[in-house]
2 protein chains.
Amino acid sequence: MTEFDSFFKSAFTVDNVIFGFDEGDLKVLLIKRGEAPYMGKWALPGYFVYPNEDLDGAANRVLEELTGLRKVYLEQVKTFGAVDRHPFGRVITVAYFSLVKINDYKLQPASIAQKAQWHPVSKVGELAFDHREILDSCLERLKSLVRLRPLGFELLPPHFTLTDLQHLYEAILETELDKRNFRKKILSMDLLVDLRQTQEGVAHRPAKLYRFDRDKYVRFQAEGFNFELKEGKRKESRRNRELAPAL
Amino acid sequence: MTEFDSFFKSAFTVDNVIFGFDEGDLKVLLIKRGEAPYMGKWALPGYFVYPNEDLDGAANRVLEELTGLRKVYLEQVKTFGAVDRHPFGRVITVAYFSLVKINDYKLQPASIAQKAQWHPVSKVGELAFDHREILDSCLERLKSLVRLRPLGFELLPPHFTLTDLQHLYEAILETELDKRNFRKKILSMDLLVDLRQTQEGVAHRPAKLYRFDRDKYVRFQAEGFNFELKEGKRKESRRNRELAPAL
DNA sequence: TTTTGCAAGGGTAAAATATACACTAATTTC
DNA sequence: GAAATTAGTGTATATTTTACCCTTGCAAAA
């Protein structure tokens, strides 16, 4: 037994706040606990991290076992380690959130998925453990990230209308946006591709469909979040500001 | 032995990136390792988390043992858990950064402090373990936070000049700022108190001294980052934007 | 076939903010 | 008192954000 081995060790887990967007609501996938502690309460999906697995790997595994989805957007948010957060012993948990296209979500083996259910974020009440606090941290992080990077697209199906996109942003930011300004802003970012198709089967004027252009986004990032220089007309954009508005 | 006890457990630690500002440079406090692994290499200060201690507590303890400082700004950044990040076994570490007023830093018991040294961030090379990666994450986080909240003041002595403050922002953001625009912006935020004193003993026109007004900042936050409504003239400020510039 | 309901789609003017830019003022030192 | 050095300041322009409503296209109902 070396000195190293003598240090206190703890169980550690990941918890994954899985966000989806459906029916105009931001939703989160919760699991009803079938065992103590907190039996019968809703909880975030999570599990122990295996010895041969890194943290992102564990979070991805949790996600995949539950939803069958791989390669979705995943972001580490914060680690929770209050001494008494788990009644059975010391457990440190690393909180992640993921963004999934809710239509891609297929119920996995009934045994697992039976107890899983999407909940509108605005209607989630108390959760098991400190999961409510974890959810709140992830929501806050999502809110701030969505203003910095075009994450919204991760939550929408491959084809969507501008109104869909606006509703998504409104749901995440918990605010109302002006339709004309929203469209102007989004289209000016030149991240959308007009699919030259329209909605079908709606009882009103059908909307145009767009898709997100991931390649353009990559360029967008590489240029330090500047707009592209189009036709040499637009000068360097304010995106690279001397000082950000809030300093 | 319960099922709970049978799960894999790991050692876990905190590492603390302690930032200071001195001589126009952003600095970080590093420790020269006196033991294997990575003996003789520079490393971030860190230690195991005790069983009765939460994560913030551990980070604060590490900071206090090294610098004697309490109640400094501390922010959890990210958790690192690559399977092989520690050659002796599985160790998960939670990375924090702290902002200290470098003049307050007093060498603690020589036994500890002997090996500690401030390094300009721009001159830090390879570090032990994955500490270089941790440092980079913390730097990046600091850069983005400093644009959202007035953190800079945590790094300056209680009284400072506008030029000091500008140099600090330039060091953190790794950019040059326009003097007039910087002053306009900072003063318009109404977070500084003019101390009606000037520098002494400088071989040029002495600068006015200011201090940060923490109370005003609290109000500033509470109002959702709006400017105060002064004399009813200024309307709601753009700080609450419909959509942030980068979306 | 006409009417009605409904969401889509689009532009402009005003306000706020950010940027670029250069000289005078105050102090110490020589 | 001249030189050196940093502090301190204002304005004009460019860009961005905001507020604000009517016409269009489709389907369903009349």
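By convention in this document, chain letters (A, B, ...) are assigned in the order of the sequence lines, proteins followed by strands, and residues within each chain are numbered from 1. We use all heavy atoms of the structure for the numbers below, so side chains are in, but hydrogens, waters and symmetry mates are not.
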Round to a whole Å and report the spacing from NZ of A:K208 to C1' of C:dA7.
15 Å
Heavy-atom distance under 4.5 Å between the side chains of B:N16 and B:L66, does that happen here?
no
Answer yes or no: is there an ion pair linking B:E126 with B:R132, defined by an N-O contact shorter than 4.0 Å?
no
Provide, to the nearest angstrom, the distance between the CZ atom belonging to B:F182 and the P atom belonging to C:dA18.
14 Å
B:K184 (side chain) and D:dT11 (base): donor-acceptor pair under 3.5 Å
yes
Should we say atom CD of A:E140 is surrounded by more than 12 heavy atoms from elsewhere, each under 6.0 Å from it?
no
Rounded to the nearest angstrom, tell me the gap between atom CG in B:L165 and atom P in D:dG8.
12 Å
Per-nucleotide protein contact along nucleotides 21-30 of chain D, 5' to 3', at a 4.0 Å heavy-atom cut-off (B base, S sugar-phosphate only, - neither), is B--BBBS---
Integer-rounded Å distance: C:dA7 P and A:L209 CG:
17 Å
In whole angstrom, what separates A:N181's CG from C:dG9's C1'?
14 Å
Side-chain donor-acceptor contacts of residues 19-27 of chain B below 3.5 Å, not counting sequence neighbours, with atom names and distances?
unit_1 : atom_1 : unit_2 : atom_2 : d
B:E23  : OE1    : B:K27  : NZ     : 3.1

Examine D:dT17: is either OP1 or OP2 under 4.0 Å from a nitrogen or oxygen in the side chain of A:K185? Give yes or no.
yes
How long is the line joining CD1 of B:I186 and P of D:dG8, in whole Å?
14 Å
Less than 4.0 angstrom between a side-chain N/O of B:T163 and OP1 or OP2 of D:dA7, yes or no?
yes
Carefully, step by step, assess B:Y96 and B:D56 under the rule side-chain hydrogen bond (donor to acceptor under 3.5 Å, both in side chains).
CA-CA 9 Å; B:Y96 282 80; B:D56 288 8; 2.5 Å; yes
Picking from B:K71, B:R214, B:R149, what satisfies salt bridge (Lys or Arg N to Asp or Glu O under 4.0 Å) with B:E154?
B:R214
A:E176 has an atom CD; how far is it from atom C1' of D:dC20, in whole Å?
15 Å
Nearest 0.5 angstrom please: A:E65 CD to A:T67 OG1, how far?
10.0 Å
Whole angstrom is fine here: how far is it from CD in B:Q166 over to P in D:dG8?
11 Å
Could you check which of C:dA20, C:dG9, C:dA18 has an atom nearest any side-chain atom of A:R183?
C:dG9
